[in-house]
Protein chains: 2
Amino acid sequence: MDRLAQVEVFVRTAGFMSLSRAAISLNMSNAAASRHLSALEERLGVRLIERNTRRLWLTEAGQEFLVRATQLLNEFDEAENAVLERVLSPSGLLKVTSSLSFAMLCIAPVLQEFRALYPRLNVQIVTANRYLDFIEAGIDVAIRTREHEPDSGIIVRKLGSTPRLLAAAPEYLSRRGMPVKPADLMRHDMLVYNLANEPNILNLTRQGRSERVNIGNTLDCNDGQVIRQAALAGMGILIQPLYIIADDIRAGSLVPVLTDWELPILNMNIAYQNKTRLPAKVKVFSDFLISKIRSNPDNGISYS
Amino acid sequence: MDRLAQVEVFVRTAGFMSLSRAAISLNMSNAAASRHLSALEERLGVRLIERNTRRLWLTEAGQEFLVRATQLLNEFDEAENAVLERVLSPSGLLKVTSSLSFAMLCIAPVLQEFRALYPRLNVQIVTANRYLDFIEAGIDVAIRTREHEPDSGIIVRKLGSTPRLLAAAPEYLSRRGMPVKPADLMRHDMLVYNLANEPNILNLTRQGRSERVNIGNTLDCNDGQVIRQAALAGMGILIQPLYIIADDIRAGSLVPVLTDWELPILNMNIAYQNKTRLPAKVKVFSDFLISKIRSNPDNGISYS
DNA sequence: TCCATTTTTCCTCTAGGTGGAAAAAAGCTT
DNA sequence: AAGCTTTTTTCCACCTAGAGGAAAAATGGA
């Protein structure tokens with residue numbers, strides 16, 4: 001039998017001065033209420049409420065217990081309400097990991113608005129050029145581009161897609177010429193992001209036809225921003241997601257090349273551990289970020 | 001399911017960092033412990049303990065709830081222990097009613113010792129020359145001499161028996177002569193206690209023979225001490241229980257008459273309400289008083 | 001004395017909780 | 001990488017504790 005229910009019957013009965021009314025208010029039968037009260041008195045070894053069929057009154061033990069019991073029930077409700085409030089109003093620390101580029105371009109610009117919405121939730125961005133382990137690094141949310149997670153315990157939700165482009169500074173193109181067909185890339189200086197799948201092989205398609213090109217690597221680096229800076233300096237042709245160089249292209253600082261050819265789309269995903277109950281902070285952050293990215297047409301990430 | 005048991009499983013699990021060890025310590029199966037914890041999390045709508053088969057750790061919600069939960073369990077134990085202590089060490093107020101005589105002669109002399117034994121229990125003596133109603137007067141214990149209680153809800157325990165005697169002051173007997181046989185009483189001044197059963201009829205027996213005498217009443221009073229004082233002043237012959245005039249007889253202030261005749265024995269009883277659980281204070285007082293009266297051979301109350 | 005109402009207890013039924021065992025998972029060792 | 005050990009979770013069959021309805025008992029008022 002639920003000991004708290006026993007205490008509730010006792011407190012309600014003392015309040016109403018009636019077992020029947022206590023039973024009604026607790027949605028239980030008279031018989032059940034009587035049993036609950038008797039069970040409590042049995043366990044305590046004392047009569048808490050002296051009663052007959054016409055009236056009842058608290059014993060001295062009952063009066064003392066009533067004070068404590070009422071306080072206990074209140075505190076129990078408060079404890080549960082505090083937890084419930086935490087669910088509705090997340091707080092604490094949320095650890096998000098992503099590439100430096102994604103953090104700079106997609107998270108940092110909207111973080112202030114997020115903090116305004118959830119003032120008690122601190123967000124810590126852990127930029128890394130490799131995928132961190134959720135458990136080892138204490139990560140709550142990860143932004144990843146790989147198609148599949150080896151760990152089936154990870155939930156993956158799609159943020160959007162971004163095309164990969166080939167682009168170079170106008171100065172470089174003046175100096176080295178514009179590549180006309182994919183094979184021309186073999187004679188160009190290529191700036192390679194070495195964390196990509198098969199970083200030295202390019203698969204380009206046009207009108208259903210594919211061409212596979214092996215490229216050298218004038219620069220072999222694990223950071224998109226470093227590669228972008230090198231390209232801006234005229235060091236070669238880069239292959240990067242549109243969202244990273246969208247502003248550069250609009251500014252004319254980088255010029256796309258082989259634009260009638262397509263490279264494989266890059267899917268941007270948000271990932272978190274599959275838990276029996278998704279922590280509120282993970283949920284609110286994920287929903288927020290997805291909403292922000294999808295509602296910005298200029299960021300180079302589309303969703304369909 | 002017992003909600004407190006759920007909280008106990010949670011707190012134990014957090015302490016041991018193991019559901020299995022929490023289960024052992026609470027004498028329940030692993031399955032039951034798992035269900036209790038899951039049920040608590042279900043009701044709260046939040047994961048309190050994140051866990052896999054190898055380790056577990058508190059969520060932030062779990063950390064906060066743990067503080068409150070631990071306090072709740074402590075306070076619940078304290079509330080129950082406070083009640084238990086009250087049972088073992090009675091306190092509060094005990095209302096005892098008896099005749100003035102009994103209170104003066106049998107209760108007052110031992111009350112100090114009782115209070116020393118139970119310092120937190122206050123005894124209130126309500127002397128009355130009539131029987132008070134338990135419920136109306138809020139009486140816990142009553143000393144009564146009547147043979148039967150009309151209320152079957154009253155428990156009656158025998159304190160002892162006291163013979164009733166006829167006695168008068170030596171001066172009165174010198175002046176009016178010593179009665180020789182029961183019929184002589186009709187020509188004497190009789191001091192009648194009008195609360196007795198059939199106060200104006202005396203049934204005296206000797207060697208198996210009974211004589212019934214109708215007596216007049218020079219004094220008709222409802223208080224034994226007033227009757228005693230009148231007899232001491234030579235106003236007439238009284239009929240009173242031995243325990244009231246035992247000291248007067250030893251002192252020679254009152255002289256028993258018709259001593260080879262017997263009046264009906266008076267049974268002294270202690271009475272209290274039949275309750276589902278006898279209050280500790282009623283029990284300890286009753287036991288104490290019975291013990292004191294039975295161990296005093298000089299008080300005029302015998303027990304066999 | 002009768003009546004209405006409340007508390008308690010009895011009875012029957014079933015829903016819920018049990019433990020054991022199996023499944024799944026996880027981390028360590030080889 | 002595979003195997004092993006241990007823990008947590010879930011399933012299953014069983015049993016009992018708790019349910020409500022009704023009757024019994026009690027109580028106070030009319």
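For the pair B/F16 CZ and D/dT7 C1', the computed distance is 16 Å after rounding to whole Å. Distance NE2 (A/H36) to P (D/dG20): 9 Å, rounded to an integer number of Å. When rounded to the nearest whole Å, the span between CG of A/D2 and C1' of C/dA15 equals 16 Å. For the pair B/L48 CG and D/dT8 P, the computed distance is 16 Å after rounding to whole Å. Atom pair B/N27:CG and C/dG19:P shows a separation of 9 Å (rounding to whole Å applied). Rounded to whole Å, the distance from CD on A/E42 to C1' on C/dT9 is 15 Å. The distance from atom CZ of B/R51 to atom P of C/dA24 is 19 Å, rounded to the nearest whole Å. Regarding B/W57, its CH2 atom lies at a distance of 16 Å from the P atom of D/dT7, rounded to whole Å.
Of the listed nucleotides (D/dT10, C/dT8, C/dG27), C/dT8 has the atom at the smallest distance from the side chain of A/S34. Side-chain proximity of A/A32 to the nucleotides D/dA19, D/dT27, C/dT18 is greatest for D/dA19. Distances were taken from every side-chain heavy atom of A/A31 (C-beta onward) to each of C/dT7, D/dG20, C/dT18; the shortest belongs to D/dG20.
For the OP1/OP2 pair of D/dT8 and a distance below 4.0 Å, the side-chain nitrogens and oxygens of B/S20 include at least one atom meeting the criterion. OP1 or OP2 of D/dG28 sits under 4.0 Å from a side-chain N or O of A/R55. At C/dG19, none of the side-chain N or O atoms of B/N30 fall inside 4.0 Å of OP1 or OP2 (strictly under the cut-off). OP1 or OP2 of C/dG19 sits under 4.0 Å from a side-chain N or O of B/S29. Between D/dA26 and A/R54, no contact under 4.0 Å exists linking OP1 or OP2 to a side-chain N or O.
Under 3.5 Å, the side chain of B/R35 and the base of C/dG19 form at least one donor-acceptor pair of N or O atoms.
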Going through the checks in order, is the salt bridge (Lys or Arg N to Asp or Glu O under 4.0 Å) test met by B/R3 and A/E80? CA-CA 12 Å; B/R3 281 177 285 168; A/E80 297 203 335; 5.7 Å; no

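A salt bridge links B/E41 with B/R51: the closest approach of a Lys/Arg side-chain nitrogen to an acidic carboxylate oxygen falls below 4.0 angstrom.
A 4.5 Å side-chain heavy-atom check between A/F10 and A/L58 finds at least one atom pair inside the cut-off. When side chains are defined from C-beta on, B/L94 counts as touching B/V282, because their heavy atoms get closer than 4.5 Å. Using a 4.5 Å heavy-atom threshold, the side chains of A/T145 and A/N269 count as separate.
Note on B/S38: nothing from the nucleic acid sits closer than 4.0 angstrom, heavy atoms only.
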